[in-house]
Amino acid sequence: MIETHYHLDKLPPESRDRLLESWFRQGLEAIVAPAMDLESLRQILELARRYPGKIFPAAGLHPEREWRGQEGLRALRQADELCRWIEENGDSIWAVGEIGLPWYSLTGREPHRAAFEALDLFLETARETGLPVILHAVHGAAQPCLDRLRDHGVGKAVFHWLKAPDAAAQAVAAAGYWASLTPEYLCFPRDQRLADCFPLDQLLLETDGPEPLRIGREGIPSPLWSRDTAAALAARLSREPLELEREMDQNARRFFGLPL
């Protein structure tokens with residue numbers, strides 16, 4: 001099993017190694033770990049050094065933050081610094097992300113222009129470096145992010161844990177971009193319906209851990225919970241679960257170019 005979106009820096013430091021080693025013993029093959037900011041990236045790069053061939057970093061600035069006033073200026077400066085770092089160190093990461101547009105933190109109806117400026121910086125960097133993009137683009141932010149991808153000519157992007165109107169999801173799929181499913185696929189018809197918008201070769205599995213999941217399980221989400229997502233997807237498609245799980249892992253290798 002390959003986990004395509006887990007915020008390893010958010011795990012409790014005192015239990016991080018124990019959890020990682022347990023997951024790897026149970027069959028987890030690799031984790032793609034997106035950064036939330038510069039400090040997050042530093043921690044993930046250190047973990048990747050300690051677990052070579054197991055942890056694959058991505059570099060980005062999470063968009064759910066304050067984009068107005070001085071906070072917005074600081075965020076833009078950090079976005080610029082991260083983009084310059086990516087240009088110089090692109091061979092040590094596997095994607096640009098997590099980036100996108102805010103939704104949950106919006107105080108008005110539209111994201112501040114600084115959020116769009118930061119997104120444009122990252123998308124141009126992704127286009128120049130050829131790295132795939134991990135997008136936080138949910139609900140009303142999905143269509144503007146899709147438009148931005150097209151404007152910048154970015155060829156490969158995943159709308160992670162996509163939650164969007166059906167028309168937007170269909171447009172994302174038709175443009176050749178990807179979406180990822182969390183274990184909430186087991187419980188929510190919305191997730192199942194949106195997944196149906198995509199061909200299987202444009203889907204990835206993730207848990208977005210350690211973010212809590214609304215699936216009736218306690219404790220820190222394990223990347224291995226995605227096995228249940230694969231089984232549910234296999235049942236919906238009348239496929240054999242292990243075969244579909246292997247196909248989803250191959251999707252992850254193909255999307256990120258993982259040397260596995």
Side-chain angles (χ1 to χ4, degrees), residues 1-66 71 74-75 78-79 81-82 85-86 89 91-100 102 104-105 134-136 138 158 160-161 180-187 204-230 245 248-249 252-253 256 258-260:
M1 176 60 66
I2 297 174
E3 165 66 67
T4 67
H5 196 107
Y6 205 103
H7 295 285
L8 292 177
D9 58 300
K10 297 300 182 184
L11 285 171
E14 66 277 8
S15 57
R16 188 181 292 151
D17 286 318
R18 175 180 58 78
L19 287 168
L20 282 169
E21 289 162 10
S22 171
W23 295 335
F24 290 137
R25 283 196 305 271
Q26 294 177 70
L28 180 64
E29 188 174 0
I31 299 174
V32 176
M36 308 272 281
D37 52 29
L38 280 164
E39 173 56 23
S40 172
L41 176 60
R42 184 193 66 77
Q43 294 183 47
I44 292 167
L45 289 170
E46 173 59 21
L47 284 168
R49 186 191 66 79
R50 290 171 46 211
Y51 292 92
K54 294 287 189 180
I55 294 174
F56 296 89
L61 186 69
H62 199 286
E64 297 289 355
R65 61 183 62 245
E66 178 57 65
E71 287 297 318
R74 279 191 284 270
Q78 186 167 186
E81 186 174 349
L82 277 161
W85 185 93
I86 293 168
N89 301 276
D91 57 352
S92 61
I93 60 172
W94 301 86
V96 174
E98 180 174 355
I99 63 170
Y104 303 114
S105 60
I134 301 170
L135 275 174
H136 173 91
V138 297
V158 58
H160 112 86
W161 198 347
S180 55
L181 310 178
T182 75
E184 289 199 356
Y185 178 86
L186 280 70
C187 306
L204 298 172
L205 299 181
E206 61 155 288
T207 56
D208 197 22
E211 179 75 15
L213 295 166
R214 299 169 297 171
I215 61 173
R217 290 186 183 179
E218 296 182 357
I220 294 172
S222 164
L224 297 167
W225 291 2
S226 285
R227 285 176 170 163
D228 295 331
T229 315
E245 181 182 318
M248 299 304 285
D249 283 350
R253 295 184 185 95
F256 292 105
L258 302 180
L260 299 170

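Only this structure's heavy atoms are used, side chains among them; waters, hydrogens and symmetry mates stay out. Predicted model, so just to flag it, every value in this text is computed and none were measured.
- In this structure, CG in Leu135 is found 9.0 Å from CD in Glu98, a value given to the nearest 0.5 Å.
- With sequence neighbours left out, Glu71 forms a side chain to side chain donor-acceptor pair (under 3.5 Å) with Arg74.
- Between the side chain of Ser92 and the main chain of Asn89, a donor-acceptor pair closer than 3.5 Å is present.
- A distance of 3.5 Å separates CE in Met1 from CD in Glu245, rounded to the nearest 0.5 Å.
- By the 4.5 Å heavy-atom criterion applied to side chains, Ile134 and Phe256 are counted as neighbours.
- A 4.5 Å side-chain heavy-atom check between Pro259 and Trp94 finds at least one atom pair inside the cut-off.
- The side-chain heavy atoms of Tyr6 and Pro210, taken from C-beta on, include a pair separated by under 4.5 Å.
- Thr4 and Glu206 are not linked by any side-chain donor-acceptor pair at a separation below 3.5 angstrom, with hydrogens and angles left out of the test.
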Before giving the answer on side chain to side chain contact (heavy atoms under 4.5 Å, CB included), spell out for His7 and Asp208 the whole-Å C-alpha distance, their side-chain angles and the decisive distance to 0.1 Å.
-> CA-CA 7 Å; His7 295 285; Asp208 197 22; 3.4 Å; yes

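- Between Tyr104 and His136, the ring planes are perpendicular. Angles over 60° get that label, and only those under 30° would be called parallel.
- Closest approach of Ser226 and Pro183 over heavy atoms only: N-CG, 4.4 Å.
- With rounding to the nearest 0.5 angstrom, the NE2 atom of His160 is 12.5 Å from the CG atom of Leu181.
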CA sep, side-chain torsions, deciding dist, call: Leu41, Trp85, side chain to side chain contact (heavy atoms under 4.5 Å, CB included) | CA-CA 11 Å; Leu41 176 60; Trp85 185 93; 3.9 Å; yes

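- Contacts of Glu46 classified as side chain to side chain donor-acceptor pair (under 3.5 Å), with partners at least two apart in sequence or in another chain: Arg49.
- Across all non-hydrogen atoms, the minimal contact from Pro63 to Pro102 is O-CB, 3.4 Å.
- A side chain to side chain contact (heavy atoms under 4.5 Å, CB included) with Leu205 is found for exactly one of Thr182, Thr229, Ile2, namely Thr229.
- The two residues Pro212 and Pro221 have their closest heavy-atom pair at CA-CG, 4.4 Å.
- Pairing each heavy atom of Leu82 with each of Gly60, the nearest pair is CD1-O, 3.6 Å.
- What you find for Pro34 and Asp9 is that their closest heavy atoms are O-OD1, 4.4 Å.
- Side-chain atoms of His5 and Trp161, non-hydrogen and from C-beta on, never get closer than 4.5 Å to each other.
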Dump the intermediate steps for side chain to side chain contact (heavy atoms under 4.5 Å, CB included) on Ile31 and Leu20, then the final yes or no.
-> CA-CA 10 Å; Ile31 299 174; Leu20 282 169; 3.6 Å; yes

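- Taking CZ from Arg253 and CD from Glu29, the interatomic distance works out to 4.5 Å, rounded to the nearest 0.5 Å.
- Screening residues 211-222 for salt bridge (charged side-chain N to carboxylate O under 4.0 Å, His left out), with sequence neighbours left out, gives Glu184-Arg214, Arg217-Asp228.
- Counting only residues at least two apart or on different chains, the salt bridge (charged side-chain N to carboxylate O under 4.0 Å, His left out) pairs with a member in residues 10-28 are Asp17-Arg50.
- Atom OG of Ser22 and atom CG of Leu224 lie 8.0 Å apart (nearest 0.5 Å).
- The distance from the CD1 atom of Ile44 to the CD1 atom of Ile55 is 9.0 Å, given to the nearest 0.5 Å.
- Legend: residues meeting side chain to side chain donor-acceptor pair (under 3.5 Å) with Thr207, ordered by chain and number and at least two apart, are Glu3.
- Proximity of Pro12 to Ile220: side-chain heavy atoms (C-beta onward) are separated by under 4.5 Å at one or more points.
- For Ser15, there are no side chain to side chain donor-acceptor pair (under 3.5 Å) partners at least two apart in sequence or on another chain.
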